[in-house]
Amino acid sequence: MPSATLLAQSILSGIFVGGLYGLLGLGLSLSWGLLRLINLAHFALAFLGAYLTFTLASVFGLDPLWSLALVPPAFFAVGVLSQAVFARFGVTQFGSLLVTFGLTVVVESLIQWIWTADYRRLEWAWGATSWRAGPLFVPKPELLALATAATLAGLVWAWLRFTWVGKGLRACAEDPQIAAAFGVNHRRLALLLSGLCAAFAGVAGTFVALVYTLAPAQIYSWIGVVFAAVILGGLGNPLGPLLAGLVIGVTEALTMALTAPAWAPLVSFSLLVLLLLLRPDRV
């Protein structure tokens, strides 16, 4: 039986990992729930943002946090352009799954071509530092990622709930025809939301670069668990992926501490299968 300190540190690590799950799932949940597009390219954009952060820091000498002011605005434009293309060709929900998977493969190949398949690790002054809280260690990059995920989720929740733009997006998701009859421009709102989702992918990518070692093939290792967090949290719900990600992260960490690391991936998928059996209407 592990010690109490080890269990507490495992729970803390699970919370930090869960925050990153929620950050990665934020844009995917909004795109899937409000635009009815399953955007697998969201993960490819996140890793592209991670590699851009790595390059800005290691080649140009910029502090990695400055990439938060450079990468997300560029990705916003990419998101707007992709939504315009999807709307032009009338891509359906199932069609978006196939199209964005192809885009993911293209982006992965682009990353391998530019940065090769070698592992990359971002060296950052804060990267190896932690605060100490009694017997526990709190790594600064993971804490910053969790704070960013919670802040973005809360702001997006308030934006959707209390602003006219947010209410228009929710109305279009419920009934586009009725919303259009009341003067809601679904096309413009969809462009805005798609741009924001891509920008959130850029933010998530920055923190992936700060916390993890990078390799192009790792794109696919995140898809399953983040999908589980999005579905468990509820489509179109900004707070849902974060809360579900925290639950998954903590349960995975405890599973690894109590049993073996190989059992950890079973946690998220077991929760997902159980939810789909009990509530198939969640998708």
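- Here the side chains of Leu45 and Val107 are not in contact, with every heavy-atom distance at 4.5 Å or above.
- The backbone N or O of Leu160 lies less than 3.5 Å from a partner atom in the side chain of Arg170, making a donor-acceptor pair.
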Practice problem: Might you work through the side-chain contact (heavy atoms from CB on, under 4.5 Å) test for Leu70 and Leu62, ending with a clear yes or no? | Solution: CA-CA 11 Å; Leu70 301 174; Leu62 291 179; 4.0 Å; yes

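- The heavy-atom pair separating Gly27 from His42 by the smallest distance is CA-CE1, 3.6 Å.
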Quiz item: After noting the C-alpha distance and the side-chain angles of Tyr220 and Glu108, does the key distance pass the side-chain hydrogen bond (donor to acceptor under 3.5 Å, both in side chains) rule?
Solution: CA-CA 10 Å; Tyr220 305 102; Glu108 183 201 3; 2.6 Å; yes

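- Aromatic pair Phe60/Trp66: ring centres not closer than 6.0 Å.
- In the hydrophobic clustering of ILVMFWY residues, with side-chain heavy atoms under 4.5 Å counting as a link, Leu110 and Ile223 come out together.
- Side chain of Thr100 to backbone of Ser96: a donor-acceptor contact under 3.5 angstrom is found.
- Under a hydrophobic clustering in which Ile, Leu, Val, Met, Phe, Trp and Tyr are joined whenever their side-chain heavy atoms come within less than 4.5 Å, directly or via other members, Leu144 and Val17 fall into the same cluster.
- Between Arg187 and Leu191 there is a side-chain heavy-atom pair separated by less than 4.5 Å.
- Two residues are said to be in side-chain contact when any heavy atoms from C-beta on lie closer than 4.5 Å; Leu26 and Pro238 meet this criterion.
- Leu52 CG to Phe47 CZ: the interatomic distance, rounded to the nearest 0.5 Å, is 13.0 Å.
- Of all the heavy atoms in Ala198 and Phe75, the pair that sits closest is CB-O, 3.1 Å.
- In this structure, CG on Leu246 lies 11.0 Å from CG on Leu20, to the nearest 0.5 angstrom.
- Among all heavy-atom pairs drawn from Ser29 and Gly234, the shortest one is OG-O, 3.3 Å.
- For the pair Ala153 and Leu242, the tightest heavy-atom approach, listed with the atom from each and the gap, is CB-CD2, 4.2 Å.
- If you run ring pair (Phe, Tyr, Trp, His ring centres under 6.0 Å) between Phe227 and each of Trp32, Tyr21, Trp222, only Trp32 comes through.
- Both Val105 and Val99 sit in one connected hydrophobic cluster of ILVMFWY residues. Membership requires side-chain heavy atoms under 4.5 Å apart, directly or through other members.
- We find the CG-CG distance between Leu143 and Leu12 to be 8.5 Å, quoted to the nearest 0.5 Å.
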Practice problem: Take Leu34 and Leu193 through the test side-chain contact (heavy atoms from CB on, under 4.5 Å) and record every step on the way to the result. | Solution: CA-CA 9 Å; Leu34 300 180; Leu193 183 60; 3.6 Å; yes

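- Between the CG atom of Leu30 and the CG atom of Leu37 there is a distance of 12.0 Å, given to the nearest 0.5 Å.
- Atom CZ of Phe162 has more than 12 heavy atoms from other residues, nucleotides or ligands within 6.0 Å.
- When side chains are defined from C-beta on, Leu192 counts as touching Phe76, because their heavy atoms get closer than 4.5 Å.
- Under a hydrophobic-cluster definition in which Ile, Leu, Val, Met, Phe, Trp and Tyr are linked whenever side-chain heavy atoms come within less than 4.5 Å, directly or via other members, Phe101 and Ile231 are assigned to the same cluster.
- The minimum heavy-atom distance linking Cys197 with Ser31 is given by the pair SG-N, 3.8 Å.
- Proximity of Phe86 to Leu35: side-chain heavy atoms (C-beta onward) are nowhere separated by under 4.5 Å.
- Partners of Thr55 according to the side chain to side chain donor-acceptor pair (under 3.5 Å) rule, which considers only residues two or more places apart in sequence or in another chain, are Trp115.
- Leu258 places a side-chain heavy atom less than 4.5 Å from the side chain of Leu7.
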Practice problem: Could you give me the CA-CA distance, side-chain angles and deciding distance for Leu24 and Leu28, then say whether side-chain contact (heavy atoms from CB on, under 4.5 Å) is met? | Solution: CA-CA 7 Å; Leu24 277 165; Leu28 179 63; over 6 Å; no

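- Taking every heavy atom of both residues into account, Leu210 and Pro64 meet most closely at CD2-CB, 3.5 Å.
- In this structure the side chain of Phe43 never reaches within 4.5 angstrom of the side chain of Thr104, judged on heavy atoms.
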Practice problem: Tell me, with the steps shown, if Val208 and Gln218 meet side-chain contact (heavy atoms from CB on, under 4.5 Å). | Solution: CA-CA 11 Å; Val208 169; Gln218 289 179 345; 6.0 Å; no

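- Residues Leu243 and Phe16 do not share a hydrophobic cluster, clusters being chains of Ile/Leu/Val/Met/Phe/Trp/Tyr side chains in contact below 4.5 Å.
- Formation of a donor-acceptor pair under 3.5 Å by the Gln9 side chain with backbone atoms of Phe137 is found in this model.
- Remark: Thr206 engages Thr53, Ser67 in a side chain to side chain donor-acceptor pair (under 3.5 Å) (not counting sequence neighbours).
- Put simply, CZ on Phe54 and OG1 on Thr213 are 10.5 Å apart, with the number rounded to the nearest 0.5 Å.
- At a threshold of 4.5 Å between non-hydrogen side-chain atoms, the residues Trp159 and Leu196 count as touching.
- We find the OG1-CE distance between Thr251 and Met256 to be 9.5 Å, quoted to the nearest 0.5 Å.
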